Amino acid sequence: MDKYEKVTELARRRGFLWPAFELYGGAAGFYDYGPLGGPLKRRIEDTWRKFFVIEEGFAEIEAPTIGVEGVFQASGHLSGFSDPLTSCGECKEIYRADHLIKHIVEVPDALSNEEIFNIIKDNEIYCPECGGNLSNVYEFNLMFKTMIGPGNKMPGYLRPETAQGMFINFPRLLRYFRDTLPFAAVQIGKSFRNEISPRQGVIRLREFTQAEAEIFINPANKTHPKSSEVKEIRVKFYSQAAQERGEPEDMTFGEAVDCGIIAHQVLAYYVARTYQFLLAVGISPNLMRFRQHKSDEMAHYAADCWDAEVFLDRLGWIEIVGIADRTDFDLKAHMALSKINLKVFVPFNKPVKRQKLMVKPDMKALGPMFKGKAKAIADALKALNPEDLRGDRIKINIDGEIVELDPSLVSYGIVEEEVRGEEIIPHVIEPSFGIDRIIYAAMDHAYYEDTVEGETRVVLRFKPAVAPIEVAILPLMDREDLVAPAEKISDELRSLGLRIDYDTSGSIGRRYRRNDEVGTPYCVTVDYETLEAGTITIRDRDSMKQVRARTDELAKKLKALFEGSIQFQEAGVPINANEQ
RNA sequence: GCGCCGAUAGUGUAGUGGUUAUCACUAGGCGUUGCCAACGCCUCGACUCGGGUUCGAAUCCCGAUCGGCGCACCA
């Protein structure tokens, strides 16, 4: 059994991840989070919130998972997500139908499936592999479609990314942030892609969870005020050049920006924050690297794009986060389709004085003269240069018709005006996290086996901040005199908000092993000394060592352990379990 | 979507055209047990689904579903 199998088997058996709809035969690409997977996911999301909502001050919003057509027309998902396919009747090979006719038609995108098929037939195109006949052209769209309301009037689509929710709320977000750049909004939620062939468990899902941030910045200033806080952090960069060589290179974020490997400070800062977040949820730094998109895989509008990749047993290097400078692509697209101004007014430090040509058409004269065309003529006049306005006759072109005017019909002059700022379209830095993949990676990297007295001990070495169970309360034996105080301790710790598991079944060793397997950082045992001396023992998952502490100090000690303000040995008096 | 391979308790497995489907671990109960998967007894628990062949199918055949691998896809 390889590690992938061990981890997925453990995840299934102990209630982290379950294939969805098992009762009815299942469906590929859908998973349930079980009683331990649910809390693990929530705690990883909460850690993300701590990093990006609390510490970075980004605004968390929640948009519908179903979007109307315009959203995905503008985003490009409706056209870009829908590929015309054709397959060979002989060898069953599948082809992009539009790619087969690229040498015949300039823009195959513009054609219907039927037109593409006709071109394939008329030009006698056969299967490039075996020469067989090609089937009808059909559409495969990765968007899940539905209907909003009765009557099939309004199509809706399950969102393929959470990002659009931030883009289409841009005007309200801008107002919320008092019309000032930079600002950012985030969203944690479900996205949906009707993948052709979901594989590899939770790595490729049809319904999955994303945590995305859209950071709107002024394109003229791609520096970050906190970049000095991360510039000494050293990671493995797998830049375009490094990929050519086949070897990632170790350097600090400061160096990566200085030598131009990362496009700019803002991008570097959020790549660094991503690194810190991934460490916080238990991704191993040795099994992590940052890979730059090659120019041919980068979206055409992106200025630079870095993926956080983790190494997973059997699966290899898997992308878990993408951090892209999407420039002004998204806002421009929504501006073009919605006709809503999504620009931001950015004031200059000092107002600029500027000479400006002022053209004043004499509307009183032009109106009666040209009637309906008067406005078009006036607009054309305003667009002219001073040279054109001089001379005996002014010639303008209105929809191909040359109109000649007497110069007396328009007056003009140079005026001085004060310009206080300019309208810009913000650029967007987008860190996009695949939460499900991060959860799987956190389990894979936490998985650990050792051998104790000839038995294999399986441990998930979760960070306490993400462990689904934080403390197990275990009466040494299932006896009333031990059970009663143990229940009391459980209730007290629960009232403090700790995730407690209380277990009396089987031997103490068996319960330790069970808790190791689900990653419980600390086990507390209640024994006869609890009754006599008012003390309990605390057991550390990773070292299997125990200390004895006062029962009335337990909550305080646990809190300190979780905060990392004390070492385990400082939580009480060390004891050697084997001597007892 | 295509090709190859697979599917038996919670997990890992044995096995067969014909009595009540094997074993281990797990889980639950009782007893025992003073700190790292102890022990004894008891108990729960499965042939992925649909169709066909057959007197009889969990076993053979076909299809579907799910999973693994390869190809394709991954805006």
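Throughout, a chain's letter reflects where its sequence line sits, starting with A, and its residues are numbered from 1. Computed from a prediction, not measured in an experiment: that's the story for all the values here.
Between the C1' atoms of B:G3 and B:G18, the separation comes to 37 Å (whole Å). Nucleotides B:A58 and B:A75 have their P atoms positioned 45 Å apart, rounded to a whole Å. A distance of about 15 Å separates the C1' atoms of B:A7 and B:A14, rounded to the whole Å. Comparing the same atom, P, in B:G6 and in B:G31 gives a spacing of 49 Å after rounding to whole Å. Comparing B:A57 with B:A72, their C1' atoms sit 38 Å apart, to the nearest whole Å. The P atoms of B:U22 and B:A9 are separated by 14 Å, rounded to the nearest whole Å.
Not counting sequence neighbours, the partners of A:Asp516 by the side-chain contact (heavy atoms from CB on, under 4.5 Å) test are A:Arg457, A:Val459, A:Arg513, A:Arg539, A:Arg541. With sequence neighbours excluded, the residues that form a ring-ring contact (aromatic ring centres under 6.0 Å, His included) with A:Tyr270 are A:Phe58, A:His224. For A:Phe433, the ring-ring contact (aromatic ring centres under 6.0 Å, His included) test picks out A:Trp48, A:Phe52, A:Phe277, with sequence neighbours left out. Residues forming a salt bridge (Lys or Arg N to Asp or Glu O under 4.0 Å) with A:Lys488 (at least two apart in sequence, or on another chain): A:Glu492. Taking A:Glu470 as the reference, A:Arg43 meet the salt bridge (Lys or Arg N to Asp or Glu O under 4.0 Å) condition, with sequence neighbours excluded. With sequence neighbours excluded, no residue forms a ring-ring contact (aromatic ring centres under 6.0 Å, His included) with A:Tyr447.
Checked options A:Val186, A:Ile188, A:Thr162; the residue passing with A:Glu212 is A:Thr162 (criterion: side-chain contact (heavy atoms from CB on, under 4.5 Å)). For the salt bridge (charged side-chain N to carboxylate O under 4.0 Å, His left out) criterion with A:Glu517, the lone passing option out of A:Arg14, A:Arg461, A:Arg510 is A:Arg14.
Taking atom CZ of A:Phe144 as the reference point, atom P of B:A75 lies 16 Å away to the nearest angstrom. Distance CD (A:Glu5) to C1' (B:G68): 9 Å, rounded to an integer number of Å. A straight line from CG of A:Leu142 to P of B:G1 spans 13 Å, rounded to a whole angstrom. When rounded to the nearest whole Å, the span between CG of A:Asp481 and P of B:U33 equals 13 Å. B:G50 atom P lies 13 Å from atom OH of A:Tyr24, rounded to whole Å. The interatomic distance linking A:Asp330 (CG) with B:A75 (P) rounds to 15 Å, in whole Å. Taking atom CD of A:Glu532 as the reference point, atom C1' of B:G34 lies 11 Å away to the nearest angstrom. Between A:Leu10 atom CG and B:U26 atom P there is a gap of 16 Å when expressed in whole angstrom units.
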Query raised in the report: How does RNA chain B look in dot-bracket notation if pairs are Watson-Crick or G-U with both distances under 3.5 Å, crossing ones as [ ], other-strand ones as |?
Result: (((((((..(((.....[....))).(((((.......)))))....(((((..]....))))))))))))....
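Backbone-only engagement by A:Ala27 is indicated by non-hydrogen atom pairs under 4.0 Å involving sugar-phosphate atoms exclusively. Contacts of A:Thr537 with the nucleic acid, taken as non-hydrogen atoms under 4.0 Å apart, include base atoms. Residue-level contact check: A:Arg539 touches the bases, meaning some heavy atom is under 4.0 Å from a base atom. Among the heavy atoms of the strands lying under 4.0 Å from A:Arg314 are primed sugar atoms or P, OP1, OP2 only; no base atom is included.
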Pairs under 3.5 Å (N/O, protein and nucleotides 6-13 of chain B):
| residue | atom | partner | partner atom | Å |
| --- | --- | --- | --- | --- |
| B:U11 | O2' | A:Glu9 | OE2 | 3.1 |

Show each protein N/O and nucleotides 38-44 of chain B N/O combination with a separation under 3.5 Å, one pair to a line.
| residue | atom | partner | partner atom | Å |
| --- | --- | --- | --- | --- |
| B:A38 | OP1 | A:Arg510 | NH2 | 3.1 |
| B:A38 | OP2 | A:Ser507 | OG | 2.9 |

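Side-chain contact of A:Asp527 with A:Thr525: a donor-acceptor pair under 3.5 Å is absent, judged by distance alone.
For A:Ile566 against A:Lys557, the heavy-atom pair with the smallest separation is CD1-O, 4.0 Å.
The base of B:C36 has none of its N or O atoms less than 3.5 Å from a complementary donor or acceptor on the side chain of A:Asp516.
Interface residues of residues 196-208 of chain A facing RNA chain B, ordered by number: A:Ile196, A:Ser197, A:Arg199, A:Gln200, A:Gly201, A:Arg204; criterion, heavy-atom separation under 4.0 Å.
Cation-pi check for A:Arg291 over A:Trp317 is not met; the charged atom does not lie both under 6.0 angstrom from the ring centroid and within 45 degrees of its normal.
Checked against B:C66, B:C36, B:A75, the side chain of A:Gln546 finds its nearest nucleotide in B:C36. When each of B:C36, B:C69, B:A75 is scored by its nearest atom to the side-chain atoms of A:Glu161, the top-ranked nucleotide is B:A75.
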Show every donor-acceptor pair shorter than 3.5 Å between a side-chain atom in residues 17-37 of chain A and any protein atom, with sequence neighbours excluded, or say none if there are none.
| residue | atom | partner | partner atom | Å |
| --- | --- | --- | --- | --- |
| A:Trp18 | NE1 | A:Arg12 | O | 2.9 |
| A:Tyr33 | OH | A:Asp436 | OD2 | 2.7 |

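Two residues, A:Arg514 and A:Asp478, neighbour RNA chain B, and the one matched to the more 5' nucleotide by heavy-atom proximity is A:Arg514.
Applying the salt bridge (charged side-chain N to carboxylate O under 4.0 Å, His left out) test to pairs two or more places apart or on separate chains, none has a residue in residues 473-485 of chain A.
Proximity of the aromatic rings of A:Phe192 and A:Tyr157 is defined here by a centroid distance below 6.0 angstrom, and this criterion is not met. Taking the six-membered ring for Trp and the full ring otherwise, A:Tyr238 and A:Phe290 have centroids separated by 6.0 Å or more.
For the OP1/OP2 pair of B:G68 and a distance below 4.0 Å, the side-chain nitrogens and oxygens of A:Tyr4 include at least one atom meeting the criterion.
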